[in-house]
Amino acid sequence: MVSSSDIGRTMRPALDIVWFKRDLRLRDHAPLCRVMHNPRPILLLYIFEPDLIHDPHYSERHWRFVVQSLVDLQAQLSEFQTQVLVLQGAVQTVFDTLLSQCDIGNVYSHEEIGIELTYVRDRAMQQYFHQHHIKWTETPYSVVRRGLNHRQDWSKYWHEMMEKPCDDPDLAAIPFVSQTMVEQLTHQALAIQDIELPTPQWSESHPNFQIGGEKRAWHTYYSFLDQRGKSYARHISSPELSRKSCTRLSPYIAWGNITIKQTYQKLDTLNEADYQGWKRALSAMVSRLHWHCHFIQKFESECAMEMRPVNHAYQAYPYEIDQDVISRRLKAWKTGTTGIPIVDANMRAVIATGYINFRMRAMLVSVLSHHFNLDWRLGVKHLAAQFLDFEPGIHYPQFQMQAGVTGTNTIRLYNPIKQSQEKDPQGRFIKQWVPELREYPDDMVHTPWAISPMERQLFGIDEAGEYPTPVVDIEDAAKMARDRLWSFQKRPDVAKDARRILKKHIVPVSR
Ligand SMILES: Cc1cc2nc3c(=O)[nH]c(=O)nc-3n(C[C@H](O)[C@H](O)[C@H](O)COP(=O)(O)OP(=O)(O)OC[C@H]3O[C@@H](n4cnc5c(N)ncnc54)[C@H](O)[C@@H]3O)c2cc1C
């Protein structure tokens, strides 16, 4: 073990680094496995990057979750008399500082399938490490393969990988640097301009949000398997019931507190007799674990979809161009004041808690892109910043799919009134998040604009604090959207690019 007294002596301590990113756990962690019995001491590092902190995809909720995940790591690591070195600063500045104190031979990390900003950062870091004679070893993220341009055998590969043992390191076999050395490195780094500790308010937990950390991830999963999950398949589309019956693992998977493989393999350990009546639930869940990797692979193979539609022909889609109309509709959508109760309830719920289920996410995008006829790019970062589970590789492909700009998927135009009546029949979810509608009778909460003055009087509905009327006529808007979407989809340039997309991304049905 390298101790603090080694720093500052003429001899610079030599060490290797495991650089944590979106893999905040100590189990099923290939880079940690690689450094067991490492000849040089191992420093664990996490960097809060100002560029990411200020990026519009992210918001405070994400950094709070990361801090909570790090607190969990630190608690586990105290047994090994080490800590993660946690700093806030540009990655190169942090490495410059470390290089001024130590001799770094190797850096180990997972490949990050992220937004362009992290891709550009990683390209720059590749050069930087090369210039400083540091070997950077990256391990693939889950089953996602870099540079893949077809999907032959992809499903087979997914299943094979899921059956392979998890990369569980023997932590006692890793020669971690001492805790005092981490403290000293922190102290020295903080003396450098532009390096600081993470913002203090991120340490304060917030009662509305899921709490980060490996322990919490497993706790959430066990509670799903103990009982919550039995009604998974039945409740998955209900905005209210899905909150309890779905796994709620998404932020833990997105920030790497738990892996897809761990989640999958846990199912093999279940006693069949205890899970009578769970078949539908568990098979629906496994499909989604598969989709998780499928979408991230898609994004990895076509990352430009962060900037433009995957089907290039949709660049010419006839979106609304009147700036006043755009800003009025967009503001209403972002703030949950569209006058469409189920839309507003979901937007307010996700702003307040970081979570809504799949169906409601899809409906929000459908209303934005189809009923409001706004370019999907105007809303994609807003929802990313709200989703505690923001995962670029799922978010972008899903957003584009629901916005109907792939040319390869069935176009789904969700009718928000029908969704509301079917998925929230008593309007409980709506009334929870749109208090202006609490006094409305259950069957009228879906279409408050239809209430007559007499009914208003009868039910004692206050005129003050009035709920807005819808920003568009829902039926007319849907009809216009249908005409636009269907006629655009018939264009030869859409079909041509759709063929290219299918060739590259479609997973052949395995026999
Ligand atoms: C527009 C849009 C944006 C989305 N953005 C994200 C995102 O940023 N991050 C994210 O994790 N999910 C995203 N999803 C997918 C899905 O809505 C969430 O994964 C799911 O609601 C999370 O809840 P859960 O953990 O209870 O999921 P469960 O239903 O219990 O599923 C288990 C796990 O499978 C994965 N999964 C579930 N559904 C999907 C799906 N449709 N596609 C891919 N993987 C899936 C997730 O990792 C999830 O945690 C998005 C969906 C839409 C329509």
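Read the numbers this way: they start at 1 and go in the same order the structure lists the ligands and their atoms.
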Taking the six-membered ring for Trp, are Tyr222 and Phe224 ring centroids under 6.0 Å apart?
-> no
NZ/NE/NH1/NH2 to OD/OE distance under 4.0 Å, Arg500 and Asp497: yes
Ignoring hydrogens and angles, tell me if any N or O in the side chain of Arg22 forms a donor-acceptor pair with the backbone of Ala254 under 3.5 Å.
-> yes
Near Ser250 (heavy-atom distance under 4.0 Å), the atoms of ligand 1 are 11 (O), 22 (C), 23 (O), 25 (O), 49 (O)
Within 4.0 Å of some non-hydrogen atom of Ile253, the atoms of ligand 1 are 47 (O), 49 (O)
Atom 9 (N) of ligand 1 has as its nearest protein heavy atom Asp389 O, 2.8 Å
Min over Val286, Ile296, Leu289, Leu249 of heavy-atom distance to atom 33 (C) of ligand 1 lands on Leu289
Closest to atom 23 (O) of ligand 1 by heavy-atom distance, out of Phe358, Tyr355, Tyr221, Phe399, is Tyr355
Note: heavy atom closest to atom 14 (N) of ligand 1, options His292, Met285, Arg361, belongs to Arg361
The protein heavy atom nearest to atom 39 (C) of ligand 1 is Trp291 CE3, 4.1 Å
field: Centroid-centroid distance, Tyr314 to Phe488, less than 6.0 Å
entry: yes
Nearest non-hydrogen protein atom to atom 3 (C) of ligand 1, with distance, is His395 ND1, 3.5 Å
If you scan protein heavy atoms around atom 35 (C) of ligand 1, the nearest is Arg288 O, 3.5 Å
_I want to know whether Tyr264 and His292 have ring centres closer than 6.0 Å._
no
For Ile394, the ligand 1 atoms with a heavy-atom partner under 4.0 Å come out as 6 (C), 10 (C), 11 (O), 12 (N), 13 (C), 14 (N), 15 (C), 42 (N), 43 (C), 44 (N)
Nearest non-hydrogen contact to atom 28 (P) of ligand 1 from the set Tyr252, Tyr232, Phe224 belongs to Tyr232
Per-atom filter on ligand 1: closer than 4.0 angstrom to a heavy atom of Phe295 are 42 (N), 43 (C)
among protein heavy atoms, the one nearest atom 42 (N) of ligand 1 is Gln398 NE2, 3.4 Å
| message | Would you say the rings of His62 and Phe65 are close, in the sense that their centroids are separated by under 6.0 Å? | response | no
From the list Cys33, Ser109, Pro31, side-chain contact (heavy atoms from CB on, under 4.5 Å) partner of Thr139 resolves to Pro31
Taking only non-hydrogen atoms of Glu391 and a 4.0 Å limit, the atoms of ligand 1 in range are 7 (C), 8 (O), 9 (N)
What about Phe372 and Trp333, are their ring centers closer than 6.0 Å? no
Counting heavy atoms under 4.0 Å, the part of Val365 that contacts ligand 1 is side chain
Here the pair of heavy atoms bringing Tyr275 nearest to Leu282 is CD2-CD1, 4.3 Å
Practice problem: Check the pair Asp72 / Gln68 against side chain to side chain donor-acceptor pair (under 3.5 Å), numbers first and verdict last. | Solution: CA-CA 6 Å; Asp72 178 291; Gln68 290 159 351; over 6 Å; no
Any chance the rings of Phe48 and Trp202 have centres within less than 6.0 Å? yes
Short version for Thr247: what comes under 4.0 Å of ligand 1, heavy atoms counted, is both
- Message: Any heavy atom of Ala362 closer to ligand 1 than 4.0 angstrom?
- Response: yes
Atom 26 (O) of ligand 1: closest protein heavy atom, distance to 0.1 Å, is Arg248 N, 2.8 Å
